[in-house]
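I have placed the structure first, in the form of structure tokens, so that the comments after it can refer back to it.
Just so you know, these numbers use all the heavy atoms, side chains as well, and skip hydrogens, waters and symmetry mates. These numbers were taken from a predicted model, which means no experiment stands behind them. All residue numbers refer to positions in the sequence shown, counting from 1.
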Amino acid sequence: MTVTEGASLRVLGKDEELTTRLDAELTAFNQQATGAADEAELSVRVTDAGGELLAGLTGWSWGTCAGINMVWVREDRRGEGWGGRLLAAAEQEARRRGCTEISVASFSFQAPGFYRRHGYLDTGRREGIPGGHVDHQFWKSLVTDPAAAVRLVALVELPDGTVDTGQRYEDTVLARLPRHAGRLERRLRTGDGRSEVHVIRFDTRAGYEAFLADPERAALRAALGDAAPETRVLEVHEV
């Protein structure tokens with residue numbers, strides 16, 4: 001235990017009281033920051049003819065977002081499609097609650113391929129899981145067809161002497177993505193600030209085309225003239 005200025009710091013194992021208190025404090029903070037106070041648990045249970053647990057899913061909903069925490073199917077009943085039924089039931093309930101998107105994480109030794117087959121899109125990965133495995137993060141729209149999504153990588157070069165102006169332009173343009181059902185997944189920048197890489201996803205190609213044709217975006221770019229960034233766009237998919 002460390003004591004400093006009348007306060008003590010202790011490192012413990014499981015602490016139910018601390019968990020309950022932090023959950024309450026952070027829930028209150030999150031609700032105040034977002035205005036969404038409808039956080040709720042979500043679960044799907046499947047039992048066999050004898051009443052034993054066959055499969056289950058646990059998750060949550062909050063505002064327009066839903067998430068999956070755990071999915072499990074009993075070993076002797078795997079391969080019968082129960083995992084897909086669990087997802088479909090959870091997604092249907094999430095829609096009923098007003099959610100427009102759902103997310104989940106899966107270790108590489110679990111079921112990342114399963115989620116991809118059911119329309120979930122990769123949004124990130126974390127290396128360093130024990131055994132050399134990877135933690136994959138996924139996202140799925142509950143209001144548009146996942147197969148219609150368009151994913152892009154934009155390579156942006158800012159001309160000499162216009163780095164600050166170019167960065168402000170990119171700030172403004174990227175902020176317009178949600179208007180066209182687009183979202184910025186990653187934004188990376190070189191140390192000198194002259195180059196950026198953007199990973200962007202649109203729910204539909206129509207949204208992407210609407211973004212390209214956005215008159216305010218076009219006007220901003222035209223106003224920059226020769227100071228406008230040079231951008232190369234690549235359409236990509238997960239492999």
Give a yes or no on whether the backbone of [Y] and the side-chain of [X] come within a donor-acceptor separation of less than 3.5 Å.
X      : Y      : result
Glu39  : Thr27  : no
Arg117 : Gly84  : no
Thr100 : Val143 : no
Asp23  : Thr19  : no
Arg186 : Gly124 : no

Heavy-atom pair with the smallest gap, counting every atom of [X] and [Y]:
X      : Y      : answer
Ser141 : Asp203 : OG-OD2, 4.3 Å
Ala227 : Thr162 : CB-CG2, 3.6 Å
Ala228 : Pro159 : O-CG, 3.7 Å
Asp38  : Gly63  : OD1-N, 2.8 Å
Cys99  : Ser61  : SG-CB, 3.8 Å
Ser106 : Phe138 : CB-CE1, 4.2 Å

Side chains of [X] and [Y]: does their closest heavy-atom pair fall under 4.5 Å?
X      : Y      : result
Asp122 : Tyr115 : no
Arg221 : Pro229 : yes
Glu209 : Thr204 : no
Leu42  : Leu57  : yes
Leu87  : Ile68  : yes
His180 : Arg217 : no
Val134 : Ile129 : no
Ser108 : His136 : yes

Item to check | Phe202 and Tyr208 aromatic centres sub-6.0 Å | outcome: yes
Please check if [X] and [Y] belong to a single hydrophobic cluster, counting links between Ile, Leu, Val, Met, Phe, Trp and Tyr side chain heavy atoms closer than 4.5 Å.
X      : Y      : answer
Val199 : Leu152 : no
Trp139 : Tyr120 : no
Val150 : Leu174 : yes
Leu121 : Val236 : no
Val73  : Leu53  : no

Enclosure of [X] [atom1] (heavy-atom neighbours >12, cutoff 6.0 Å):
X      : atom1 : result
Glu127 : CD    : yes
Gln92  : CD    : no
Arg45  : CZ    : no
Glu230 : CD    : no
Arg21  : CZ    : no

Checklist entry - Which pairs, with at least one residue in residues 41-81 and sequence neighbours excluded, count as a ring-ring contact (aromatic ring centres under 6.0 Å, His included)? => result none
Checklist entry - Excluding sequence neighbours, so at least two apart, what forms ring pair (Phe, Tyr, Trp, His ring centres under 6.0 Å) with Phe109? => result Phe107, His133
Nearest-0.5 Å distance, [atom1] of residue [X] to [atom2] of residue [Y]:
X      : Y      : atom1 : atom2 : answer
Arg168 : Leu224 : CZ    : CG    : 9.5 Å
Glu25  : Thr20  : CD    : OG1   : 11.5 Å
Glu216 : Thr172 : CD    : OG1   : 10.5 Å
Arg194 : Glu157 : CZ    : CD    : 7.0 Å
Leu18  : Arg10  : CG    : CZ    : 10.0 Å
Arg96  : Glu91  : CZ    : CD    : 15.0 Å

Next on the checklist: Run the side-chain contact (heavy atoms from CB on, under 4.5 Å) test on Leu184 and Ile200 for me, step by step, so that the C-alpha distance in whole Å, both residues' side-chain angles and the decisive distance to 0.1 Å come before the verdict.
Outcome noted: CA-CA 5 Å; Leu184 178 66; Ile200 300 169; 3.9 Å; yes
Item to check | Worked verdict on Glu41 versus Thr58 for side-chain contact (heavy atoms from CB on, under 4.5 Å) | outcome: CA-CA 8 Å; Glu41 295 184 1; Thr58 61; over 6 Å; no
Salt bridge check, [Y] against [X]: does any charged N sit closer than 4.0 Å to a carboxylate O?
X      : Y      : result
Glu235 : Arg205 : yes
Glu93  : Arg97  : yes
Arg187 : Asp171 : yes

Checklist entry - Does the side-chain contact (heavy atoms from CB on, under 4.5 Å) test come out yes or no for Leu155 and Val197, once each step is laid out? => result CA-CA 5 Å; Leu155 311 176; Val197 177; 4.1 Å; yes
Checklist entry - Do Tyr169 and Val156 pass the side-chain contact (heavy atoms from CB on, under 4.5 Å) test, and can you show the C-alpha distance, the side-chain angles, and the key distance before you say yes or no? => result CA-CA 11 Å; Tyr169 165 79; Val156 181; over 6 Å; no
Item to check | Matching residue for Glu101 among Arg95, Lys140, Arg183 - test: salt bridge (Lys or Arg N to Asp or Glu O under 4.0 Å) | outcome: Arg183
Checklist entry - According to the salt bridge (charged side-chain N to carboxylate O under 4.0 Å, His left out) rule, which pairs have a member within residues 48-66, sequence neighbours left out? => result Asp48-Arg74
